[in-house]
Amino acid sequence: MSDENGFGVALRAARVAAGLSQSELGEPEFSRSYISLVESGHRAPSREIVEHVAGRLGLSVEHVRAWALASGKRGDARAAVLQTEALSVLTTHTFEGAIKAASDLRDFALEADRLDLWWTAALMDLTLRIENDFADQVVEQARALVDHWFTQQSTILQGRVRTVLSVALRVTGDLEGSVTEARAAVMAFRTTPTWRSTGVAALTALVSALGQQHRYSDAISWAPDLARGAADAPNRLEAGNAYWALANLALSTGDPQAGLSYYDQAIAAIDPDGHLRRWGRVHRAAADFRLKADVDLDAVPGLLAKAATAFSLSSARSDQVELDLVQGKYACATADWAEGRTRLQRVLEDGHLLAASDLADAHHHLGTALGELGDHRRAAEHLQESVRLLLTLTSTNAGPA
């Protein structure tokens, strides 16, 4: 690939970032083959194509025109290739590979004074830190990136950053803030024709945060859009996350059979070769779902075994703690009270690693196990603590009426 095709490779990078195929980018005015010719450098970018792709990608015409003006400058093609590789690795391969890709992007951006690449690397870094349990470090930096002038050039960029900020806020317990940012992200993506697939991560964040706030009617209103986005998601990871959110919503709204179906789709979508930890998490969550819904309990041991295999390669202590919690709950469900007590006591030793709802769950099941084993005083203490945590959680996460 020559440096003279800076526009083409920049166009492909932006198309990949937006989750569009060549056909979708060209609709309705340009064919897939025409877009392919522009991306490969065999057709020069006309004024019409610049204006068209700017509209489809949610970018300013000036921003897209700059790709053409930059064509032929040394390093421009290399910059676009690095951007494409980094985005592709993040969405289809391993997070370890994405860390290296983000680092390569950051280094090149500093050397070449390329703000667009620095922005991409910054967003990837925030995403990776959330995935690796450092969401508390992300919130303020994500807010700053939302307000950055480069982000303000494009509704797509605004939607992507607000999605990351929403996830970070939800993980750190600010559900109302998470809903606000996710809703703003969805509104940003709705300016594009393929907003459900392009913005499927934002829809996932919105439905998840609304569900955790028990705002089920609001969450249900977005569920059809999320299901359509999941079916056409730009990559398997985002599809899996979307089906996972729909499964949780189905449980909360009393439709366990739909939840089982969504979990099957989530498990099928998430690739263990690229995202082993997430694959383990969705198996653990699918097992926990069955325990909460009291359905298909025979499948629980197999799901937990797969989660254990995935987590054996994880350095995150929280993975094992969350797995022990579900294993302890399964022991209680099968009346193996001594095993349940042992696992749940171990869980509470690392209780600070759990979300408040999971911590309440652990106290409840440990209290039940202790009661069955005759230790009624300690059983009452844990059951009371479970109630206290749930009341606090309900008060903290109550959304607007």
Side-chain angles (χ1 to χ4, degrees), residues 133 170-173 175 208 211-214 216 247-256 259-260 263 280-308 311-312 314 316-398:
D133 299 330
R170 178 168 57 85
V171 172
T172 55
L175 296 183
S208 298
Q212 284 188 244
Q213 276 197 311
H214 309 298
Y216 299 127
N248 290 334
L249 181 61
L251 174 63
S252 300
T253 54
D255 192 353
L260 288 176
Y263 262 117
R281 284 177 168 179
V282 75
H283 279 81
R284 175 195 58 75
D288 196 30
F289 176 94
R290 284 163 168 80
L291 293 170
K292 290 177 178 177
D294 193 24
V295 295
D296 194 23
L297 296 186
D298 289 343
V300 171
L303 291 165
L304 292 177
K306 290 180 179 179
F311 294 158
S312 68
S314 171
R317 176 63 185 157
S318 60
D319 287 337
Q320 188 56 54
V321 174
E322 291 170 358
L323 179 61
D324 274 337
L325 172 58
V326 182
Q327 289 172 328
K329 290 168 64 175
Y330 180 69
C332 292
T334 55
D336 189 350
W337 304 113
E339 175 69 10
R341 176 187 59 188
T342 298
R343 287 193 177 275
L344 293 166
Q345 285 176 334
R346 189 164 63 208
V347 165
L348 290 181
E349 291 175 0
D350 290 308
H352 63 284
L353 297 174
L354 293 174
S357 58
D358 287 336
L359 187 59
D361 215 8
H363 279 289
H364 172 78
H365 282 84
L366 180 54
T368 302
L370 290 168
E372 292 290 337
L373 293 169
D375 191 345
H376 300 295
R377 181 186 62 81
R378 292 180 61 216
E381 291 174 354
H382 285 287
L383 291 172
Q384 289 170 3
E385 179 62 9
S386 174
V387 171
R388 186 192 69 79
L389 286 167
L390 288 174
L391 288 174
T392 301
L393 189 64
T394 301
S395 174
T396 301
N397 292 336

Side chain proximity check, L366 to R341, heavy atoms < 4.5 angstrom: yes
Heavy-atom pair with the smallest gap, counting every atom of L353 and S318: CD1-N, 4.1 Å
For S252, side chain to side chain contact (heavy atoms under 4.5 Å, CB included) partners two or more places apart: Y216
Heavy-atom closest pair, residues A360 and S386: O-OG, 2.9 Å
Residues E349 and R346 bridged, charged N to O under 4.0 Å: no
For F289 against L251, the heavy-atom pair lying closest together: CE1-CB, 3.2 Å
Intermediate values then yes/no, side chain to side chain contact (heavy atoms under 4.5 Å, CB included), V387 and H363: CA-CA 9 Å; V387 171; H363 279 289; over 6 Å; no
Heavy-atom closest pair, residues A369 and C332: CB-SG, 4.1 Å
Side chain proximity check, D361 to K292, heavy atoms < 4.5 angstrom: yes
Side-chain donor/acceptor of T342 to backbone N/O of A338, under 3.5 Å: yes
Gap separating the CZ atom of R290 from the CG atom of L297, nearest 0.5 angstrom: 9.0 Å
Worked verdict on D288 versus Y330 for side-chain hydrogen bond (donor to acceptor under 3.5 Å, both in side chains): CA-CA 8 Å; D288 196 30; Y330 180 69; over 6 Å; no
4.5 Å side-chain heavy-atom contact, L383 and H364: yes
Heavy-atom side-chain contact between L175 and R170 under 4.5 Å: yes
Interatomic distance, R284 atom CZ to L325 atom CG [nearest 0.5 angstrom]: 8.0 Å
Shortest non-hydrogen contact from A362 toward V347: CB-CG1, 4.1 Å
Between OG1 on residue T392 and CG on residue L359, distance to nearest 0.5 Å: 11.0 Å
Distance, nearest 0.5 Å, that separates CG of L344 from NE2 of H365: 8.0 Å
H382 side chain near L348 side chain, heavy-atom distance below 4.5 Å: yes
Nearest-0.5 Å distance that lies between atom OG1 in T334 and atom CG in L291: 9.0 Å
Check: E381 and R377 side chains under 4.5 Å, non-hydrogen atoms: yes
H376 versus G371, closest heavy-atom pair with distance: CE1-O, 3.4 Å
Nearest-0.5 Å distance, CD of residue Q327 to CD of residue E339: 8.0 Å
